[in-house]
Amino acid sequence: MTQSQSRSKSPASWQPATPEREGLWIFTGIRDFIDDIANTSPARLALSAFVVVIVLFTTLLSLPASSATGDFTPLHQALFTAVSAVCVTGLTVVSTAVHWSFFGQLIILIGIFVGGLGTLTLASLLALMVSKKLGVRGKLIAQEAMNNAGRLGEVGTLLRIVITTSVVIEAALAIALIPRFMVLGEPFWQSVWHGVFYSISSFNNAGFTPHSDGIVPYETDLWILIPLMLGVFLGSLGFPVVMVLQQNGLNWKKWNLHTKLTIQVSFILLAAGTVLWALMEWDNARTIGSMNLGDKITHSLFASVMTRSGGFNLVDQNQMESTTMLLTDALMFAGGGSASTAGGIKVTTIAVMFLAIIAEARGDADVKVYGRTIPEGTMRVAISVIVAGATLVSASAFLLLHISGASLDRVLFETISAFATVGLSTNLSAELPPEGVYVLSALMFAGRVGTVTLAAALALRQRSQLYHYPEERPIIG
């Protein structure tokens, strides 16, 4: 073969493959871009992943097939419902049972399941699917999201455990609920649908209901209420706690500090919430005043479980006493466990700050509990989460007061419910104009991903310092 022939054939050897290689180059570029974000800024990837998911579900809910009437759903209503589902909140501007078709309700249910996996879990899974691996920094952020529930190399396994655990618990709840709906007279397939819907909604602390009147008709039916309470409580503990319980059972000595604090504070808030809610509503004829002793206790326990993120309600929130609404605000803001389907500032944040206050009152240099010292960096993260949460709630309440003209107690209740992704409502969400709906949508998104991402990002922003300035204490208090 001559040199000229070789030159003439050389272009033919690669020209036909150009389109294919260009296609592969585009895919490779996207993969490398996402992989770079996952390894350098997992928090940004988490936010981006949730935004993409919300846009997708908003589009699907806007379609005529999603509405019961076959009409397009207005953007602000579709967006609000998508954000509420993906952020496992439960606030609604339209009736879930009346406005949405079966397809629309199915989309909402899928959104709840996806959102319940968590922001950082979803981001880590996305990185795994695209690049088939997690970088060291990506593993660190995923490990931080699950509160160091496992060693660095086990993060991929832990992510699979998260999904498996969710499916198993939700299946068990559905199996418990389906027969009861059948006994109450519902057809088989409708009972299956309602059982699956409530199981996913409860474990993910979403609070969505496929019935037009919610669960009020079942307010004395323990066969319905107990599985709902168990699902919400288990979901609020968080996957790190559930995994520790799976490995060590009820052996307190083998639990890590996070599990001890989460379970202890959760039960304290549960008991305190039950007693206080009962005392405040005991004689209120508009809620539980006319009920017998057993029903009053059931309602009080149910309300205490649901106010920390569940979102199901048995009484009209507008009919509660003002003191009860304030108590509910506090419990909603507290929320559930870290890396859980619950919202709020998280119970471990409250525990750390309470322990810091006790240590300061005693004059202790270190914050100690159960034979462990809590690092100062953890306390700084806790302070940041509390301040960020309070700032978001305050700013949003200010905007909603201006937009709606409603009373402060209703606005504050709705605002905290949105931020803490609880879903309890005074029906203010449905009364707001579109601009108010957008404010609440942004608040739900920030409440779901903001504090978690902030905590994880701050936990990894540990810079080494080569020098230390002289200490000087300003006057506090």
Side-chain angles (χ1 to χ4, degrees), residues 54 57-58 61-62 66-68 73-100 104-105 107-108 111-112 115 201 204-216 306-320 325 328-329 331-333 335 343-344 389 392-448 450:
I54 288 173
F57 281 95
T58 300
L61 289 174
S62 299
S66 296
S67 68
T73 299
L75 176 61
H76 66 281
Q77 294 179 352
L79 174 65
F80 187 92
T81 305
V83 173
S84 185
V86 174
C87 296
V88 291
T89 304
L91 288 175
T92 58
V93 290
V94 294
S95 172
T96 304
V98 176
H99 179 83
W100 303 109
Q105 292 181 19
I107 294 300
I108 292 173
I112 293 171
S201 184
N204 290 289
N205 283 220
F208 278 92
T209 65
H211 292 106
S212 57
D213 46 4
I215 60 171
V216 175
M306 296 304 160
T307 50
R308 288 196 304 108
S309 198
F312 297 107
N313 65 284
L314 296 176
V315 300
D316 187 346
Q317 305 299 294
N318 286 300
Q319 302 301 320
M320 297 190 306
M325 293 187 69
T328 305
D329 289 341
L331 291 174
M332 289 192 299
F333 190 74
L392 282 171
V393 168
S394 301
S396 301
F398 179 83
L399 289 174
L400 289 179
L401 278 171
H402 175 72
I403 293 171
S404 67
S407 60
L408 177 60
D409 57 346
R410 291 187 70 203
V411 169
L412 189 61
F413 189 96
E414 208 82 6
T415 303
I416 295 179
S417 181
F419 164 76
T421 67
V422 177
L424 293 175
S425 178
T426 60
N427 205 39
L428 180 62
S429 299
E431 300 172 4
L432 289 173
E435 55 268 28
V437 171
Y438 291 132
V439 170
L440 278 183
S441 299
L443 184 60
M444 286 189 292
F445 179 81
R448 179 58 177 158

All side-chain contact (heavy atoms from CB on, under 4.5 Å) counterparts of [X], not counting sequence neighbours:
X      : answer
His402 : none
Leu432 : Leu400, Ser404, Leu428, Val437, Leu440
Ser394 : none
Ala82  : Phe57, Thr58, Leu61

Could you grab the distance from atom [atom1] of [X] to atom [atom2] of [Y], nearest 0.5 Å is fine?
X      : Y      : atom1 : atom2 : result
Met444 : Ile54  : CE    : CD1   : 8.5 Å
Met332 : Met306 : CE    : CE    : 14.5 Å
Asp329 : Leu412 : CG    : CG    : 4.5 Å
Leu75  : Tyr438 : CG    : OH    : 4.0 Å
Leu443 : Ile416 : CG    : CD1   : 10.0 Å

Compare every heavy atom of [Y] with every heavy atom of [X], then report the nearest pair and how far apart it is.
X      : Y      : result
Ile112 : Ser201 : CG2-CA, 4.4 Å
Leu91  : Phe208 : O-CZ, 4.2 Å
Pro433 : Ile403 : CG-CG2, 3.6 Å
Ala430 : Val93  : CB-O, 3.9 Å
Pro210 : Ala97  : O-CB, 3.1 Å
Phe413 : Met320 : CE1-CE, 4.2 Å

With sequence neighbours excluded, tell me which residues meet side-chain hydrogen bond (donor to acceptor under 3.5 Å, both in side chains) with [X].
X     : value
Gln77 : none
Ser67 : none
His76 : none
Ser95 : none

For this session: State whether a side-chain donor-acceptor pair under 3.5 Å links His99 with Thr81.
Result: no

Salt bridge (charged side-chain N to carboxylate O under 4.0 Å, His left out) contacts touching [range] (sequence neighbours left out):
range            : answer
residues 423-439 : Arg410-Glu431
residues 393-406 : none
residues 421-430 : none

Checking [X] side chain against [Y] main chain: does a donor-acceptor pair fall under 3.5 Å?
X      : Y      : result
Ser84  : Phe80  : no
Arg308 : Gly335 : yes
Ser212 : Val98  : no
Asp316 : Asn318 : yes

Which atom pairs, donor and acceptor, lie under 3.5 Å between side-chain atoms of residues 418-425 and protein residues at least two apart or in another chain?
unit_1, atom_1, unit_2, atom_2, d
Ser425, OG, Glu414, OE1, 3.3
Ser425, OG, Glu414, OE2, 2.6
Ser425, OG, Asn427, N, 2.8

Exercise. Are side-chain heavy atoms of Thr73 and Trp100 found at a separation under 4.5 Å?
Worked result: yes

